[in-house]
**Q** 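Dropping a structure here in structure tokens format, bear with me for questions.
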Amino acid sequence: MNAYNELKARGFAYQETDAEKIAALLDSEKIAFYVGFDPTGSSLHVGHLLPIMAMRLLQRCGHKPIVLVGGATGQIGDPSGKLTARPILTKEEVAHNVDCLRGQLARFIAVDRAVFVNNADWFADVKYLDFLREIGNKFSINKMLAQESVKMRLESGLSFLEFNYSILQAYDFYVLNRDYHCKMQFGGQDQWGNMVSGVDLVRRMSQNEVFCMTFPLLLDSNGMKFGKTAGGNNVWLDVERTPVFDYYQFWRNCDDAQLGKLLAFFTTLPMAEVERLSAQTDSGINRAKEILAYEATSLAHGEAAARDAYLAAGSKFGFADPAGKIVTSSAIARIDIAAAAQSDVPTVEVERVKFSGEGLRLTSLFAEIGLTKSASEARRLVEGGGAYCNDERVGDFNRVITEADFRDGALLLKAGKKNMRKVVLK
RNA sequence: GGUGGGAUUCCCGAGUGGCCAAAGGGGGCAGACUGUAAAUCUGCUAGCUUCGCUUUCGGUGGUUCGAAUCCACCUCCCACCA
């Protein structure tokens, strides 16, 4: 498999410094490349997934990923694509987040064949004067001011701290080239300016020619950043924040118009199949979405979890292609949907005592298990006709739940038709 | 350093003494319609023990029967000038 052609075909390449040279480089050599992540949160979400998938692809072609966690730059905040400054994290928060991210990336790439670096390691001891002397004359303010990301922020104001971000990122590239022979950087399209600065700096410092490539920005049909749903929240890779079932549902509910792109980016199915699947119509398109959801979930959470989510969703909403008419190389084809009855929606345990005596108000229960943010929201949900208890619409927001409402020790609650939790007694 | 302007609910942004839990838009949620899609239409969008109560309009204190709105001080931001 040719890495460059594959990246191109799947739509990963948005901008690149030199297409021909990059193609030749990736074809003829096993290179080290890097992708940076800002440790601004303790979990990745699907918005981070695009570079991760690209990294996976490159690694499978024999190239070596360097995962740079921006322990140092994360303390500053990248102005690119942001309208306002980010809050500054403490060193402890950054350290904690770095640990979490490392764990999550392990699901997608072979960690033992990747290098993890933290730029705090080389920035921690940098002395300001030394740094200025070493690289200060390699940067032109005029050039930096011309950068799109900087121009944008000039309107609303930009601190010197943030202005320096691209210098630091460029320096990262230089260090990685020097110490790890890193020859390429990948990143989101909002990183273009910073990445090009890095390419420049490496050439000026060491006369080495290095390259970079950006990925397209994924937007949903409203032009909003991709990866938010279910309450406007991010779809997290952390199962504590986003249960596997919900993760599966996120992909299952994607826009028709996005399907082809999503299959290309977030599954490992061959492009020929991706094209065939995304050309489906009617019930076929729903099968294609099941395949997308299954494959994406399988990558993030493992085959067993993906299978359970698929069966649970299918038993609630029906299967798109029960007869298996649509051919796919996905492992989903081998799942026996007769097993669907056994599988389950996300389940929450609640103490039995809460339901004894007077019982627990339904609205409070909704809030407690996280189906709504508060009891008041649950109340509004009931008033709007969107609350269901054991598949019956709830009409009275004063409804109280007692043990008698449980069937076989379980109670199914739904906020709308698609968000559901099963409550079991503890 | 000087002068002027500003800080409002998730975001943008109205509101300049009671009719303000606060217009409008965005975003989000739900309902209807559908294919668990999109588009469209409708309702909702601070919390609670909900015909009522509590907290919210940068912070603290004050004036007033009553303050997001007036006064004082403080913090932070922006613009122009130097």
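This one's a predicted model, so the numbers in the text were calculated from it and none came from an experiment. Labels below follow one simple rule: chain letters A, B, ... track the order of the sequence lines, proteins then strands, and each chain is numbered from 1.
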**Q** Taking atom C1' of B:A37 as reference, at what distance in whole Å does atom CH2 of A:W251 sit?
**A** 16 Å

**Q** If I take atom NZ in residue A:K261 and atom P in nucleotide B:A38, what distance separates them, rounded to the nearest angstrom?
**A** 16 Å

**Q** Would you indicate which nucleotide in B:A30, B:U50, B:A38 comes nearest to any side-chain atom of A:R361?
**A** B:U50

**Q** Compute whether any side-chain donor of one residue and acceptor of the other, for A:E16 and A:Y4, lie under 3.5 angstrom apart.
**A** yes

**Q** Report the distance from atom CG of A:D396 to atom P of B:U50, rounded to the nearest whole Å.
**A**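 Interatomic distance, CG of A:D396 to P of B:U50: 12 Å.
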
**Q** Which base, if any, makes a Watson-Crick or G-U wobble pair with B:U40, both distances under 3.5 Å?
**A**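 Partner of B:U40: B:A32.
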
**Q** Checking all strands, does A:R287 fall into the base, sugar-phosphate, or nothing category for heavy-atom contacts under 4.0 angstrom?
**A**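 The answer is nothing, as A:R287 stays clear of every strand by at least 4.0 Å.
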
**Q** Roughly, in whole Å, what's the span from OH in A:Y388 to P in B:A30?
**A**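 Roughly 10 Å, once rounded to whole Å.
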
**Q** Answer yes or no: does a side-chain N or O of A:N398 lie under 4.0 Å from OP1 or OP2 of B:U49?
**A**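 It does not, given that no N or O in the side chain of A:N398 lies less than 4.0 Å from OP1 or OP2 of B:U49.
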
**Q** Using a heavy-atom cut-off of under 4.0 Å over every strand shown, decide if A:K417 touches base, sugar-phosphate, or nothing.
**A** sugar-phosphate

**Q** Mapping A:E290 and A:F397 onto RNA chain B by nearest heavy atom, which one lands closer to the 5' end?
**A**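 Its nearest nucleotide being more 5', the pick is A:E290.
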
**Q** Going by purine N1 to pyrimidine N3 plus the second Watson-Crick contact, or the G-U wobble pair, all under 3.5 Å, which nucleotide sits opposite B:U9?
**A**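 Partner of B:U9: none found under 3.5 Å.
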
**Q** Is it true that the NZ or CZ of A:R56 lies under 6.0 Å from the centre of A:F108's six-membered ring and within 45 degrees of the ring axis?
**A**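 No, a cation-pi geometry is absent between A:R56 and A:F108.
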
**Q** Does a donor on one side chain sit under 3.5 Å from an acceptor on the other, for A:E303 and A:S298?
**A** no

**Q** Look at the side chain of A:R379 and decide which nucleotide, out of B:A32, B:A30, B:U50, has an atom nearest to it.
**A**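 Of B:A32, B:A30, B:U50, B:U50 is nearest to the side chain of A:R379.
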
**Q** Between atom CD1 in A:I291 and atom P in B:A37, what is the gap in whole Å?
**A**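 One finds 18 Å between P of B:A37 and CD1 of A:I291, rounded.
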
**Q** Nearest whole angstrom, please: distance from the C1' of B:A38 to the NZ of A:K418.
**A**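 My rounded result for the distance is 11 Å.
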
**Q** Expressed as a whole number of Å, how far does the C1' atom of B:A46 sit from that of B:U56?
**A** 7 Å

**Q** Please list every donor-acceptor pair under 3.5 Å in which a side-chain atom of residues 135-144 of chain A meets a protein atom from a residue at least two apart or in another chain.
**A**
from   : atom 1 : to     : atom 2 : distance (Å)
A:S140 : OG     : A:N142 : N      : 3.2
A:S140 : OG     : A:K143 : N      : 3.0
A:K143 : NZ     : A:D200 : OD2    : 2.9

**Q** Hunt down the Watson-Crick or G-U wobble partner of B:G61, both distances under 3.5 Å, from any strand shown, or write none.
**A** B:C71

**Q** Ring-plane angle category for A:F123 and A:Y171, please: parallel below 30°, perpendicular beyond 60°, tilted otherwise.
**A**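 Because their plane-to-plane angle lies in the 30° to 60° range, the rings of A:F123 and A:Y171 count as tilted.
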
**Q** Categorize A:A415 for me: base, sugar-phosphate, or nothing, with a 4.0 angstrom heavy-atom threshold over every strand shown.
**A** sugar-phosphate

**Q** Select base, sugar-phosphate, or nothing to describe what A:L259 touches, counting heavy atoms under 4.0 Å on all strands.
**A**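 Result for A:L259 = nothing.
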
**Q** Quick one: label A:F319 by what it contacts on the DNA or RNA (base, sugar-phosphate, nothing), any heavy atom closer than 4.0 Å.
**A**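 No contact.
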
**Q** Centroid-to-centroid, A:Y294 to A:Y248, below 6.0 Å?
**A**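 No; A:Y248 has its ring centre 6.0 Å or more from that of A:Y294.
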
**Q** In whole angstroms, how far is the C1' atom of B:G31 from the CD atom of A:E383?
**A** 14 Å

**Q** Mapping A:Y248 and A:G384 to their closest nucleotides on RNA chain B, which lands nearer the 5' end?
**A** A:G384

**Q** B:C74 and B:C81: how far apart are their P atoms, nearest whole angstrom?
**A**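 These two P atoms come out 27 Å apart once rounded.
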
**Q** Detail all sub-3.5 Å separations between protein N/O atoms and N/O atoms belonging to nucleotides 44-48 of chain B.
**A**
from  : atom 1 : to     : atom 2 : distance (Å)
B:G47 : OP1    : A:S374 : OG     : 2.7
B:G47 : OP2    : A:R380 : NH2    : 2.3
B:C48 : OP1    : A:A375 : N      : 3.3
B:C48 : OP2    : A:A375 : N      : 3.4
B:C48 : OP2    : A:S376 : N      : 2.6
B:C48 : OP2    : A:S376 : OG     : 2.5

**Q** Rounding to an integer number of angstrom, what distance separates B:C70 and B:U64 when you compare their C1' atoms?
**A** 9 Å

**Q** Under 3.5 Å between N/O atoms: give me all the protein pairs with nucleotides 51-56 of chain B, atom names plus distance.
**A**
none

**Q** With both distances under 3.5 angstrom, what nucleotide forms a Watson-Crick or G-U wobble pair with B:U3?
**A** B:A79

**Q** Ring centres under 6.0 Å, that's the criterion: do A:F406 and A:F355 meet it?
**A** yes

**Q** Say we look at B:A22 and B:G62: how far apart would their P atoms be, to the nearest angstrom?
**A** 28 Å

**Q** Pair A:E368, A:K354 - check side chain to side chain contact (heavy atoms under 4.5 Å, CB included), show working.
**A** CA-CA 11 Å; A:E368 182 167 335; A:K354 290 196 172 164; 2.7 Å; yes

**Q** Give none if B:U54 has no partner; otherwise give the nucleotide forming a Watson-Crick or G-U wobble pair with it, both distances under 3.5 Å.
**A**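 Partner of B:U54: B:A46.
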
**Q** Please state the P separation for the pair B:C41 and B:C78 - nearest whole angstrom.
**A**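 Those two atoms are separated by 40 Å.
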
**Q** Taking B:A14 as the reference, what is the distance to B:A7 when you measure between their P atoms (whole Å, please)?
**A**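 One P to the other, the span is 9 Å.
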
**Q** Is the distance between the ring centroids of A:F265 and A:F215 under 6.0 Å?
**A** no

**Q** Tell me whether A:R380 is salt-bridged to A:E383, with the criterion being a basic N under 4.0 Å from an acidic carboxylate O.
**A**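 Judged by the 4.0 Å cut-off on N to carboxylate O distance, A:R380 and A:E383 do not form a salt bridge.
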
**Q** Between B:A23 and B:G15, how far apart are the two P atoms, rounded to whole Å?
**A** 13 Å

**Q** Are A:K414 and B:G31 close enough that a side-chain N or O sits under 4.0 Å from OP1 or OP2?
**A**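 Indeed not, no polar side-chain atom of A:K414 lies that close.
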
**Q** Would you indicate which nucleotide in B:G35, B:A37, B:A32 comes nearest to any side-chain atom of A:I285?
**A**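 Per side-chain heavy atoms of A:I285, the pick is B:G35.
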
**Q** Check whether any side-chain N or O of A:Q104 sits under 3.5 Å from a backbone N or O of A:L44 as a donor-acceptor pair, and report yes or no.
**A**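 The answer is yes, because a donor-acceptor pair under 3.5 Å joins these two groups.
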
**Q** Should the heavy atoms of other residues, nucleotides or ligands under 6.0 Å from CD of A:E358 be counted, would the total exceed 12?
**A**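 It does not: A:E358 CD has 12 such atoms or fewer within range.
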
**Q** Please report the distance, rounded to the nearest Å, between CG in A:N286 and P in B:A38.
**A** 11 Å

**Q** Say we look at B:U69 and B:C19: how far apart would their C1' atoms be, to the nearest angstrom?
**A**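 Comparing C1' positions in B:U69 and B:C19 gives a spacing of 15 Å.
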
